[in-house]
S.K.: 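Submitted below is the structure of interest, expressed as structure tokens.
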2 protein chains.
Amino acid sequence: MGTGLALPLDQVLVGDCIDLMRGLPPASVHAVFADPPYNLQLKNGLRRPDHSLVDGVDDAWDSFPDLAAYDAFTRAWLGEARRVLRKDGTVWVMGSYHNVFRLGAALQDLGFWVLNDIVWRKSNPMPNFRGRRFTNAHETLIWAARGPESRYRFNYAAMKALNEDLQMRSDWLLPLCTGPERLRDSKGAKLHPTQKPEALLHRVLLACTGPGDVVLDPFLGTGTTAAVAKRLGRRFIGIEREEAYADAAAGRIAAVEPLPEAAAAITPAKREQPRIPFGTLVERGLVPPGSVLVDRARRWSAQVAADGSVRCGRAQGSIHRVGALVQDAPSCNGWTFWHVEARDGRLRALDEFRAEIAGGAG
Amino acid sequence: MGTGLALPLDQVLVGDCIDLMRGLPPASVHAVFADPPYNLQLKNGLRRPDHSLVDGVDDAWDSFPDLAAYDAFTRAWLGEARRVLRKDGTVWVMGSYHNVFRLGAALQDLGFWVLNDIVWRKSNPMPNFRGRRFTNAHETLIWAARGPESRYRFNYAAMKALNEDLQMRSDWLLPLCTGPERLRDSKGAKLHPTQKPEALLHRVLLACTGPGDVVLDPFLGTGTTAAVAKRLGRRFIGIEREEAYADAAAGRIAAVEPLPEAAAAITPAKREQPRIPFGTLVERGLVPPGSVLVDRARRWSAQVAADGSVRCGRAQGSIHRVGALVQDAPSCNGWTFWHVEARDGRLRALDEFRAEIAGGAG
DNA sequence: AATTAGAGTGAATCCTCGT
DNA sequence: GACGAGGATTCACTCTAAT
């Protein structure tokens with residue numbers, strides 16, 4: 001990076017995240033995932049109908065004297081995170097209604113560009129024992145790019161595959177972290193009050209990173225982000241202030257076995273496939289010069305020239321340009337618009353010919 | 001109220017909501033519902049894959065020079081709303097990720113006490129046409145009391161009854177306002193770009209008001225809040241700046257017949273049946289990436305990728321698609337076709353894994 | 001009359017590479 | 001940087017027209 005600073009990859013750093021991020025080189029991580037303190041302000045112990053005490057979040061790290069102090073803290077760590085983030089990187093920040101509006105406003109004020117707000121719908125939330133509000137059955141994740149013009153990464157095809165070939169929506173249904181996944185001490189008490197499910201991080205990291213990318217988590221807790229990153233073949237930098245959490249995280253991460261490359265693979269994006277000019281198909285004789293192209297409804301036909309251009313009446317140019325011209329459309333994907341008629345009358349899109357040679361072209 | 005000012009009940013006031021709220025007596029309304037401009041900031045036209053143009057919200061009333069101007073506007077009208085609100089009253093404010101963080105932060109800064117953030121999950125949202133983000137499939141409503149000590153009203157039993165005797169959660173699934181409910185002009189064009197569904201207001205007003213209570217909507221638009229309030233036997237005050245919207249609202253409200261008292265009680269809603277994508281099993285580790293799937297006769301095998309797609313030779317895609325491809329069949333139910341082999345050699349169909357999590361998923 | 005095919009549409013911050 | 005060209009991209013529902 002030219003700064004003389006090396007990235008402390010695949011480590012859990014113990015200390016204050018603002019201080020420690022200051023020691024990282026600028027524009028060096030692909031993604032930041034942050035689950036900061038929620039500033040819950042639970043005043044009195046909450047009791048269930050059977051009078052048992054609910055084990056709420058009342059740890060020292062979660063309390064701030066007032067909203068202004070929480071805002072100052074939020075803007076300080078978010079500012080450092082932005083400095084450390086690559087230009088094409090994205091951040092994920094999580095919260096509930098107690099703090100998420102502070103987080104979102106701070107992101108916008110610092111110049112981040114919100115891409116989505118994601119709702120984690122909990123399939124098994126804690127009921128509202130007092131019956132005084134709606135069951136608080138979700139938390140919110142904000143996904144943001146470094147700025148409005150950022151060319152961020154979104155693994156669209158992978159997200160679509162994960163949702164049975166329908167676009168992934170902004171509402172995600174996932175259970176809480178329970179059972180064997182939940183870290184516990186020797187007495188069976190939960191080690192961390194707000195441990196997040198690995199499934200949540202699986203989706204987050206698969207959405208916005210590639211193999212080998214670096215993920216920074218400034219509030220690592222017991223290491224969910226790092227564990228999932230390691231399993232998926234990503235690099236991580238974890239920061240945690242409480243030694244007990246950091247120790248638990250380190251042990252947990254060490255036990256994770258990375259997936260073999262093939263298993264961690266995701267559906268490739270079409271945009272990332274090697275580009276094949278139409279002229280290549282003409283050169284190789286798959287669609288020889290003189291071939292006649294038609295659209296699916298056979299409304300228009302065009303003739304292929306030796307240089308890969310096509311002509312339809314007076315319109316001449318690329319398959320895309322001529323497709324747009326004949327339809328009077330602003331643009332056109334000639335690969336899927338134009339077809340070749342086989343001897344039996346069946347139509348094959350140019351895209352199918354392209355797929356045939358894509359294997360040998362990369 | 002002792003102020004000498006009378007409440008203009010069951011009327012649509014035309015003008016600026018800040019000015020007009022100043023003319024209302026303090027502490028006089030039971031609830032405020034506000035769907036303010038979202039400040040969308042759309043830059044370029046967006047086209048669907050078929051090249052048709054999306055009719056985006058580009059009205060002058062939704063445009064602000066910058067976030068500071070939007071914040072100033074927000075705090076001005078919210079401040080007046082707070083003055084007009086009774087001590088035991090609550091407010092509802094709606095937004096999307098463009099503006100909801102500004103709204104929430106302003107509420108907190110003005111002294112309101114957030115009770116819930118409610119997610120309106122749209123059953124039929126517009127897709128993300130360019131595949132660059134998650135489908136923006138929800139909007140957020142913030143429900144807040146006047147302050148931390150307020151003795152607000154929450155009709156717990158009514159909400160529970162509305163949800164088949166389960167506590168009403170903070171995520172609500174409702175369709176967009178379409179069909180005959182959507183107000184249109186003589187040419188069939190929508191009268192208002194963002195008309196809200198009556199079902200949403202039905203739930204909101206039923207949750208926090210009683211018969212005869214007064215509901216104020218400072219951004220009435222075409223009158224959804226007022227229409228539902230009248231039908232449910234509540235009083236309303238609507239404020240709208242655009243005369244065309246106010247006129248349409250007045251006509252619409254006049255046509256509403258209040259429900260007989262007994263009927264205003266409850267309309268039951270069905271609980272939703274969750275659709276579970278195969279990717280969910282992968283994320284949650286029930287069928288981890290790298291797992292090998294076989295058909296019942298063990299004629300074919302396929303490997304599971306991290307995004308829930310599977311691969312068998314060169315065939316890659318969903319469990320259904322690959323199942324169909326290997327059999328050269330037009331379609332295939334991957335849930336029953338593919339199996340995982342247990343250590344003892346027994347085969348378990350994917351459907352059995354799905355059944356395991358279906359219970360906790362609703 | 002009952003289906004079916006096709007067109008239309010919804011609060012949208014919606015592309016990327018090479019020259 | 002600007003500019004031009006390549007080419008990637010949609011889900012659920014309603015309504016109309018045709019069969």
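Here is the naming used below: chain letters follow the sequence lines, and residue numbers restart at 1 for every chain. The shown structure was predicted, so the numbers you read here are calculated from the model rather than taken from an experiment.
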S.K.: Could you work out which one of D:dG7, C:dC14, D:dC11 sits closest to the side chain of B:N128?
M.R.: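 When the side chain of B:N128 is considered, C:dC14 is the closest of D:dG7, C:dC14, D:dC11.
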S.K.: Using a cut-off of strictly less than 4.0 Å, decide whether A:K160 has a side-chain nitrogen or oxygen near OP1 or OP2 of D:dT10.
M.R.: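 The answer is yes; a side-chain N or O of A:K160 sits under 4.0 Å from OP1 or OP2.
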S.K.: Are there runs of at least three consecutive Watson-Crick or G-U pairs touching DNA chain D, with each pair's two distances under 3.5 angstrom? Give them by first number.
M.R.: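 Only these stems qualify: C:2-10 with D:11-19, C:15-19 with D:2-6.
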S.K.: Using the side-chain hydrogen bond (donor to acceptor under 3.5 Å, both in side chains) criterion, which residues pair with A:D307? Sequence neighbours excluded.
M.R.: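 side-chain hydrogen bond (donor to acceptor under 3.5 Å, both in side chains) check on A:D307 returns A:S309.
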S.K.: How far does OG1 of B:T135 sit from CG of A:N163, to the nearest 0.5 angstrom?
M.R.: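 Here the rounded value is 8.5 Å.
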S.K.: Think A:R354 has a side-chain N or O under 4.0 angstrom from the OP1 or OP2 of D:dA8?
M.R.: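 For D:dA8, OP1/OP2 do have a side-chain N/O of A:R354 under 4.0 Å.
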S.K.: Which residue pairs pass the salt bridge (Lys or Arg N to Asp or Glu O under 4.0 Å) test with at least one member in residues 139-155 of chain A, sequence neighbours excluded?
M.R.: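 Every pair satisfying salt bridge (Lys or Arg N to Asp or Glu O under 4.0 Å) with a residue in residues 139-155 of chain A: A:K122-A:E139.
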S.K.: When you compare D:dA8 with C:dG18, how far apart are their P atoms, in angstrom units rounded to a whole number?
M.R.: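 It comes out at 14 Å once rounded to the nearest Å.
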S.K.: Around A:R321, counting heavy atoms of other residues, nucleotides and ligands shown, do more than 12 lie under 6.0 Å from its CZ?
M.R.: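 12 or below, so no.
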S.K.: Of the options D:dA8, C:dT16, D:dC15, whose atoms approach the side-chain atoms of B:R132 most closely?
M.R.: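 When the side chain of B:R132 is considered, C:dT16 is the closest of D:dA8, C:dT16, D:dC15.
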S.K.: Please determine whether any donor N or O and acceptor N or O are separated by less than 3.5 Å between the side chain of B:K196 and the base of C:dA11.
M.R.: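 Pair found.
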S.K.: Return the set of residues passing side-chain hydrogen bond (donor to acceptor under 3.5 Å, both in side chains) with B:S170 (not counting sequence neighbours), or none when no residue passes.
M.R.: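 For B:S170 the side-chain hydrogen bond (donor to acceptor under 3.5 Å, both in side chains) partners, ignoring immediate neighbours, are A:H138.
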S.K.: Distance check: side-chain N/O of A:R275 vs OP1/OP2 of D:dG7, anything under 4.0 Å?
M.R.: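 For A:R275, the contact criterion (side-chain N or O under 4.0 Å from OP1 or OP2 of D:dG7) is met.
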S.K.: Please list all pairs meeting salt bridge (Lys or Arg N to Asp or Glu O under 4.0 Å) that have one or both residues in residues 181-197 of chain B, counting only residues at least two apart or in different chains.
M.R.: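 Every pair satisfying salt bridge (Lys or Arg N to Asp or Glu O under 4.0 Å) with a residue in residues 181-197 of chain B: B:D35-B:K196, B:D55-B:K190.
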S.K.: Between B:R130 and C:dC15, is there a contact of a side-chain N or O with OP1 or OP2 at under 4.0 Å?
M.R.: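 Yes, such a contact exists.
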S.K.: With a cut-off of less than 4.0 Å, is there a side-chain N or O of A:Y152 near OP1 or OP2 of C:dT16?
M.R.: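 For C:dT16, OP1/OP2 do not have a side-chain N/O of A:Y152 under 4.0 Å.
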S.K.: Among D:dA8, C:dC17, D:dT10, which nucleotide sits nearest the side chain of A:Q167?
M.R.: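 Between D:dA8, C:dC17, D:dT10, the one nearest the side chain of A:Q167 would be D:dT10.
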S.K.: Please round to the nearest 0.5 Å and tell me the distance separating atom CH2 of B:W120 and atom CG of B:L174.
M.R.: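 One gets 7.0 Å once the value is rounded to the nearest 0.5 Å.
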S.K.: Looking only at side chains, do B:S96 and B:H98 share a donor and an acceptor under 3.5 Å apart?
M.R.: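 On atom types as modelled, these side chains qualify, holding a pair under 3.5 Å.
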S.K.: Does a side-chain N or O of A:H320 approach OP1 or OP2 of D:dG6 to a distance below 4.0 Å, or not?
M.R.: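 Answer no for this pair, as no side-chain N or O of A:H320 is under 4.0 Å from OP1 or OP2.
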S.K.: Please tabulate, one pair per line, each protein N/O and nucleotide N/O from nucleotides 8-10 of chain C that are separated by under 3.5 Å, including the distance.
M.R.:
residue, atom, partner, partner atom, Å
C:dG10, OP2, B:K190, NZ, 2.6
C:dG10, O5', B:K190, NZ, 3.1
C:dG10, N7, B:R48, NH2, 2.7
C:dG10, O6, B:R48, NE, 3.3
C:dG10, N2, B:N124, O, 3.3
C:dG10, N2, B:P125, O, 2.9

